[in-house]
Amino acid sequence: MGNNRVRLSGGAAWQTDFRRRTTGQAPRTAMEIATVRRTLNHTLTELKRAIDRHAVAVAADLYALAWHQAAGAPPSETREQRAQLKEFKAILGSRRWQEEERRQAAAAPVKAILPPPQPAGRAPRIRPDAGRAADAVVRPRHRKTTPPVATQRFAAPPQPSAGPVPALLPARATAATPAGKARSARSSEPELLETGRLWEIATELRPLLEQTARSGSTLTWPQIHKRLPGLPRLHADDQCVLLWLVDEDGRKGEPLLSALVTVGDRQMHPCFPAIAEQLGWTSPAGTRPHTAWSYEVLKVHQHWRHRR
């Protein structure tokens, strides 16, 4: 797996190194985190200058670079920087900025597409029918009523008529087999997102879960997609990573907001125990997982009820 991809499925082994896989690399030291923050602050400064100059293309590149750099440190270490990126995203997605982007695209010079140069010393290419066309002008063709004898002797035999085409060829019939259906299901599965994109989505998802906690309710992923229209289709592994990132961004001792994401009729998300374990959460001794999860949901509601 590459450093820019996050993969959680594949057995029970991923539960032991969940934290390392969410960042795509080993945990960073304090000096490395400080370097990431310094580099990110420099990129944010350049992004602010590009926005002030209305440099559309430069600002778009710097925005993507900033999220890539933010993914190099735990979310709790880049709260301030990611808050600035949210403000910049509002500017880059505004109608005024989009109009400026269209105006600059229309004013950009159109590059003429020239044919490739011919090598020196090579004669220009002449179509095969060009010579025949010239001969036809100089030597007019005489119409003959009967073909030559040689042509009649060696004429090609008539081609047999094409028979009926079978409705389904054997090579295409594999799509209807169980193996073909499995391949089709895998091909329709969403691709894994880049690490920087996951950090960006988690920054937008946390305020939604905080609002859900204040209202004393829960959410499913289909409901999250309705509340966040720009959210792309997510791989199941990416959903787990996003929930981990949301709680990794929380303050120490806060209850886990990821407990509010449920499946079905207010049922515990199957990834919640592994996510909570990697965040240091332990269920009370002698309680079942579902009971401990229900208690965590209650703690989340009480914690955020009067917070703004």
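All figures in this text were calculated on a predicted structure; none of them were measured in a lab. Every heavy atom of this structure was used, including side-chain atoms; hydrogens, water molecules and symmetry mates were not. Heads up: numbering here begins at 1 and tracks the sequence.
- Within a 6.0 Å radius of CD in E80, other residues, nucleotides and ligands contribute 12 heavy atoms or fewer.
- No side-chain N or O of S76 forms a donor-acceptor pair with one of D249 less than 3.5 Å apart.
- A side-chain N or O of W281 and one of E296 form a donor-acceptor pair less than 3.5 Å apart.
- Using modelled atom types, one finds a donor on one side chain and an acceptor on the other under 3.5 Å when comparing Q69 with T43.
- Closest of all the heavy-atom pairs between L47 and A59 is CD1-O, 3.4 Å.
- Atom CD of Q239 sits about 8.0 Å away from atom CG of L242, to the nearest 0.5 Å.
- Of the options V56, L62, V58, L92, a side chain to side chain contact (heavy atoms under 4.5 Å, CB included) to I51 is made by L92 and by none of the others.
- In this structure, R79 contributes its side chain and G250 its backbone to a donor-acceptor pair below 3.5 Å.
- Judged purely by atom type and a 3.5 angstrom limit, W293 uses its side chain to pair as donor or acceptor with the backbone of A259.
- Listed for the T291 side chain is no donor-acceptor partner under 3.5 Å among the backbone atoms of T287.
- Remark: the backbone N or O of G216 is not paired with any side-chain donor or acceptor of R305 at under 3.5 angstrom.
- Here the side chain of D238 pairs no donor or acceptor atom with the backbone of L192 at under 3.5 angstrom.
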**OP:** Apply the test side chain to side chain contact (heavy atoms under 4.5 Å, CB included) to residues I201 and L193: give CA-CA distance (whole Å), side-chain angles for both, the deciding distance (0.1 Å), then the verdict.
**Re:** CA-CA 10 Å; I201 296 176; L193 299 180; 3.6 Å; yes
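- The backbone N or O of L208 lies less than 3.5 Å from no partner atom in the side chain of Q211, so there is not a single donor-acceptor pair.
- Residues P232 and R197 form a side-chain contact, since some pair of their non-hydrogen atoms from C-beta on lies under 4.5 Å apart.
- Heavy-atom minimum distance, L260 versus H301: CD2-NE2, 3.5 Å.
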**OP:** Kindly indicate, with the supporting measurements, whether the criterion side chain to side chain contact (heavy atoms under 4.5 Å, CB included) is fulfilled by V263 and T220.
**Re:** CA-CA 6 Å; V263 293; T220 61; 6.0 Å; no
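- Between the side chain of Q267 and the backbone N or O of G264 there is no donor-acceptor pair closer than 3.5 Å.
- What you find for L245 and L198 is that their closest heavy atoms are CD1-O, 3.9 Å.
- No donor-acceptor distance shorter than 3.5 angstrom exists from the side chain of S217 to the backbone of A213, with no hydrogens or angles considered.
- R82 and T78 share a donor-acceptor pair across their side chains, judged by distance under 3.5 Å alone.
- The two residues L256 and A276 have their closest heavy-atom pair at CD1-CB, 3.6 Å.
- A donor-acceptor pair under 3.5 Å is formed between the side chain of D247 and the backbone N or O of L257.
- R95 and E99 are not joined by a salt bridge, as no carboxylate oxygen comes within less than 4.0 angstrom of a charged side-chain nitrogen.
- Other residues, nucleotides and ligands contribute over 12 non-hydrogen atoms within 6.0 Å of the NZ atom of K86.
- In plain terms, the two heavy atoms of G72 and V36 that are nearest each other are O-CG2, 3.9 Å.
- Within the 3.5 Å criterion, the main-chain N or O of V246 finds a donor-acceptor partner in the side chain of R206.
- Look at E254 and R251 and you find no salt bridge, because none of the NZ, NE, NH1 or NH2 atoms lies under 4.0 Å from a carboxylate O.
- Remark: F88 CZ is packed, more than 12 non-hydrogen atoms of other residues, nucleotides or ligands lying under 6.0 Å away.
- Residue-environment remark: NE2 (H42) stays at or below the threshold of 12 foreign heavy atoms within 6.0 Å.
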**OP:** Report the C-alpha separation of S258 and W244 in whole Å, then their side-chain angles, then the decisive distance to 0.1 Å, and conclude whether the side chain to side chain contact (heavy atoms under 4.5 Å, CB included) test is met.
**Re:** CA-CA 7 Å; S258 58; W244 179 86; over 6 Å; no
Original post:
Given R102 and Q98, is the side chain to side chain contact (heavy atoms under 4.5 Å, CB included) satisfied, shown in steps?
Top reply: CA-CA 6 Å; R102 289 192 294 266; Q98 294 176 0; 4.1 Å; yes
